[in-house]
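Below is one structure, written out as structure tokens; the observations come after it.
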There are 2 protein chains.
Amino acid sequence: MSNEQALKQYDVKKYRTPDGYTSDIAVFTILSDKTEAFKPPAMKLNLMLIKRSMTDSEGRTNIEAGKWALPGGFVGETETAFQSAQRELKEETGVDRIHLEHFGVYDKPGRDPRGWIISNAHYAIVPEHRLADRVAQDDASEVALFPVEEVFKLDLAFDHETIIRDAVAVIRKKLLETTAAKAFLPEEFTYSELQAVLLTVTDDTAIALDAAFARKIKTLPFIEEIAGKKTTRTSKKPTQLYRFNDAPVNSSIYYAKK
Amino acid sequence: MSNEQALKQYDVKKYRTPDGYTSDIAVFTILSDKTEAFKPPAMKLNLMLIKRSMTDSEGRTNIEAGKWALPGGFVGETETAFQSAQRELKEETGVDRIHLEHFGVYDKPGRDPRGWIISNAHYAIVPEHRLADRVAQDDASEVALFPVEEVFKLDLAFDHETIIRDAVAVIRKKLLETTAAKAFLPEEFTYSELQAVLLTVTDDTAIALDAAFARKIKTLPFIEEIAGKKTTRTSKKPTQLYRFNDAPVNSSIYYAKK
DNA sequence: GAAATAGTGTCTTTTAGACACTATGCA
DNA sequence: TGCATAGTGTCTAAAAGACACTATTTC
């Protein structure tokens, strides 16, 4: 018998099926504490959360109303969770064309009081200025950025505390093991700007000490000096600008960087 | 109004919901081409696949019958995909207590002809001897191991070609960037055994050259020599045995191994 | 002794780490 | 001139890379 005939016999609702499939997005940005002239930035890793409205668009009381949550929403039948995440992010924050990546699935029974709902979690990395025009829409009564240490003091919806803990661990790892820092920085940046980004997730002395890092950045194969181009935005002395190139990154634990 | 009251009003079937949620498992093992006395092993990365039965347990023609597929199955409402993967693996292959890890979600519309079915994919790393008593059960008419290069010549079910490509890329990365090689090796191993595992996924000279790797293994913080303990299973000259310890692994691209 | 695997000796080059010093330009 | 940031000079130690050499055992 053919596959087509087999399909006709197949009863898609024979088994208990999930009550929903959602995408959640942990949007990270890095905020400079203050932006003084001739100062290298002091940065903090922030996470964007929304406050769930008391009522939904049809006026009924919302589930987990008033709690803080990751932006996200139900995935439609004609899209992937990744596409859904991109769409939700654009709708809810106006942010488009951003580095977005899957990092986990949350499917523990009972995680959502509404039923058997599976969440596909993504993280996004967004430079500060891209979030300037964020607005609360739809189910959200507020949109805000919180330093990651502050987030766990909030009343968080569903199992978002777990998801956020995982997201923070993943982004720390990604910042140190890949060139993800690129997404937090302008095209052209100084050593102290890259340093500030990395210091949000590590305190390793190779990065924390200015002299060591200023020297180090010149030997990294995936970063190149922009010949003769300097800026004074971080200091009075004109500072060399760098950019990421496309050199492949290798982080094997068994052999050295090539 | 309370959360409880809001829940009562909530109609879980208001939206179109998925038709199923499955777990798939890419079970990798490493096979030694031949096991001669006093020989270091020559190894190949293999993947375990099942051949889908022509009929299901109730005698009806199966979907994608006769094609090769990753083991897996539908996730129940009272379990996570991870638990489902562990269960299926035990049921289908008799393999228990194995390193199992989520690596991706497959949810592209149309990926499964039966409907809107989301697959949560895992990989497993299993030493050769743990698969000795594998048997075809349930929906599988055959269980077999294939060298990864051979897998893509097979007629694969659903979108399993995509899932397998991702799994292979993930395992290559994990073997080089984490101590995952441990799961392919006995507790105590020689430098040439670890070398053989790593050579299944890289040809870097730092690993391929005997003298270099024999020296290197002694400097790796996460591997320790077992003082005075030797074996002759890989050579006539007694060879030093090593084991993995619990030292943390660091693979930052910005600073050196500590 | 030949063959095969497992190393070590030794030299060169590169990288890492420490810490003092110099460079630039604004107030 | 002082101050703050951005570097460089210089030394030492460790690691990486190359290649010849030695060590142990079986046949």
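Chain A is the first sequence line, chain B the second, and so forth, proteins listed ahead of strands; every chain is numbered from 1.
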- Message: Judged by each residue's nearest nucleotide on DNA chain C, which is more toward the 5′ side, B/Y242 or A/T219?
- Response: B/Y242

Interatomic distance, [X] [atom1] vs [N] [atom2] [rounded to whole Å]:
X: B/K229; N: C/dA6; atom1: NZ; atom2: P; answer: 18 Å
X: A/K218; N: C/dT15; atom1: NZ; atom2: C1'; answer: 15 Å
X: B/K216; N: D/dA18; atom1: NZ; atom2: C1'; answer: 15 Å
X: A/I217; N: D/dA6; atom1: CD1; atom2: P; answer: 11 Å
X: A/Q240; N: D/dT8; atom1: CD; atom2: P; answer: 9 Å
X: B/R233; N: D/dT25; atom1: CZ; atom2: C1'; answer: 17 Å
X: A/Y254; N: D/dA15; atom1: OH; atom2: P; answer: 18 Å
X: B/D204; N: D/dG17; atom1: CG; atom2: C1'; answer: 12 Å

Donor-acceptor side-chain pairing of [X] and [Y] below 3.5 angstrom:
X: B/H102; Y: B/N120; result: yes
X: A/E177; Y: B/S251; result: yes
X: A/D210; Y: A/Q195; result: yes

- Task: Measure from the side chain of A/L209, starting at C-beta and using heavy atoms only, and say which of C/dC19, D/dT24, C/dA18 lies closest.
- Result: C/dA18

If every non-hydrogen atom of [X] is compared with every non-hydrogen atom of [Y], which pair is closest and at what distance?
X: A/L198; Y: A/F213; answer: CD1-CZ, 3.9 Å
X: B/K218; Y: B/Y242; answer: CG-OH, 3.6 Å
X: B/L175; Y: B/A180; answer: CD2-C, 4.0 Å

- Those residues that, when tested against A/R165, pass side chain to side chain donor-acceptor pair (under 3.5 Å) (two or more places apart): A/E161

Every protein N/O lying under 3.5 Å from an N/O of nucleotides 3-5 of chain D:
residue, atom, partner, partner atom, Å
D/dT5, OP1, A/K39, NZ, 2.7
D/dT5, O3', A/T234, O, 3.3

- Mark yes or no for a side-chain to base donor-acceptor pair under 3.5 Å between B/R215 and C/dG9, with no hydrogen or angle criteria applied.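 Per atom types, the contact qualifies.
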
- B/A211 near the nucleic acid: base, sugar-phosphate alone, or nothing, with a heavy-atom cut-off under 4.0 Å?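 If one applies the 4.0 Å heavy-atom cut-off, B/A211 turns out to touch a base.
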
